[in-house]
Amino acid sequence: MERVLGIGGYFLRATDPQGLSAWYRECLGLDADDNGLWRQETGPTVFAAFESGTDYFGSRTQRTMLNFRVRDLDAMLAQLREKGAEVHPETQDMEGVGRFGWVTDPEGNRIELWQPA
């Protein structure tokens with residue numbers, strides 16, 4: 001059986017694609033080229049399905065949630081707050097898994113930030 005090799009892309013609809021791309025670059029440091037190609041660091045990726053009624057993604061109209069691995073969750077959340085981003089006030093610790101925090105991008109998409117254990 002053939003298998004997928006990894007995440008090949010994540011695509012978002014946006015009312016201001018250039019502005020949203022700039023936000024990801026300036027606030028999260030996502031260094032994508034003009035074609036959107038981003039060479040990410042090696043590390044774990046989680047693929048999980050959630051119940052359709054979950055509030056975990058924020059708005060129930062949001063069907064998917066992007067999760068970024070970060071080295072230092074507290075530093076990343078502080079950086080986002082300095083830039084005026086909408087950061088969720090609480091974080092979550094999961095023993096053996098890591099720490100989680102959340103931010104909402106300018107288009108209203110909730111993003112999870114994960115500092116692996």
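What you see below is based on every heavy atom in this structure, not just the backbone, and it leaves out hydrogens, waters and symmetry mates. The first residue in the sequence is number 1, and the count goes up from there.
- Contact annotation: the side chain of Asn109 never approaches that of Leu66 to less than 4.5 Å [non-hydrogen atoms, C-beta and beyond].
- With sequence neighbours excluded, no residue forms a salt bridge (charged side-chain N to carboxylate O under 4.0 Å, His left out) with Asp72.
- Linking Ile, Leu, Val, Met, Phe, Trp and Tyr whenever their side-chain heavy atoms come within less than 4.5 Å leaves Leu12 and Phe57 in two separate clusters.
- Closest heavy-atom contact between Thr91 and Gly101: CG2-CA, 4.4 Å.
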Per-pair distances, 0.1 Å, donor-acceptor, side chain in residues 30-44, under 3.5 Å, sequence neighbours excluded:
| residue | atom | partner | partner atom | Å |
| --- | --- | --- | --- | --- |
| Asp33 | OD1 | Asn35 | N | 2.8 |
| Asp33 | OD1 | Gly36 | N | 3.1 |
| Asp33 | OD1 | Leu37 | N | 2.9 |

For residues 110-117, which side-chain donor-acceptor pairs fall under 3.5 Å, sequence neighbours excluded?
| residue | atom | partner | partner atom | Å |
| --- | --- | --- | --- | --- |
| Arg110 | NE | Tyr56 | O | 3.3 |
| Glu112 | OE1 | Asn67 | ND2 | 2.7 |
| Glu112 | OE2 | Tyr56 | OH | 2.2 |
| Glu112 | OE2 | Trp102 | NE1 | 3.0 |
| Trp114 | NE1 | Val97 | O | 3.1 |
| Gln115 | OE1 | Leu73 | N | 2.7 |

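- The minimum heavy-atom distance between Leu80 and Trp23, with the atom names listed, is CD2-CZ2, 4.4 Å.
- In terms of hydrophobic clustering, with Ile, Leu, Val, Met, Phe, Trp and Tyr side chains grouped at heavy-atom distances under 4.5 Å, Ile7 and Val46 are assigned to different clusters.
- Evaluation of the ring-ring contact (aromatic ring centres under 6.0 Å, His included) rule for Tyr24 yields no partner, not counting sequence neighbours.
- Remark: Arg69 CZ to Thr45 OG1 distance equals 5.0 Å, nearest 0.5 Å.
- Taken to the nearest 0.5 Å, the CZ atom of Arg81 stands 13.0 Å off from the SG atom of Cys27.
- Val70 and Phe100 are not part of a single hydrophobic cluster, where members link through side-chain heavy atoms under 4.5 Å apart.
- Of all the heavy atoms in Pro106 and Leu20, the pair that sits closest is CD-CD1, 3.8 Å.
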Stepwise side-chain contact (heavy atoms from CB on, under 4.5 Å) test for Leu28 and Met76: CA-CA 8 Å; Leu28 294 175; Met76 177 60 80; 3.9 Å; yes
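- Every pair passing salt bridge (charged side-chain N to carboxylate O under 4.0 Å, His left out) that includes a residue from residues 44-68 is listed here, sequence neighbours excluded: Asp55-Arg60.
- Applying the salt bridge (charged side-chain N to carboxylate O under 4.0 Å, His left out) definition to pairs two or more places apart or across chains, those involving residues 85-101 are Asp74-Arg99, Asp93-Arg99.
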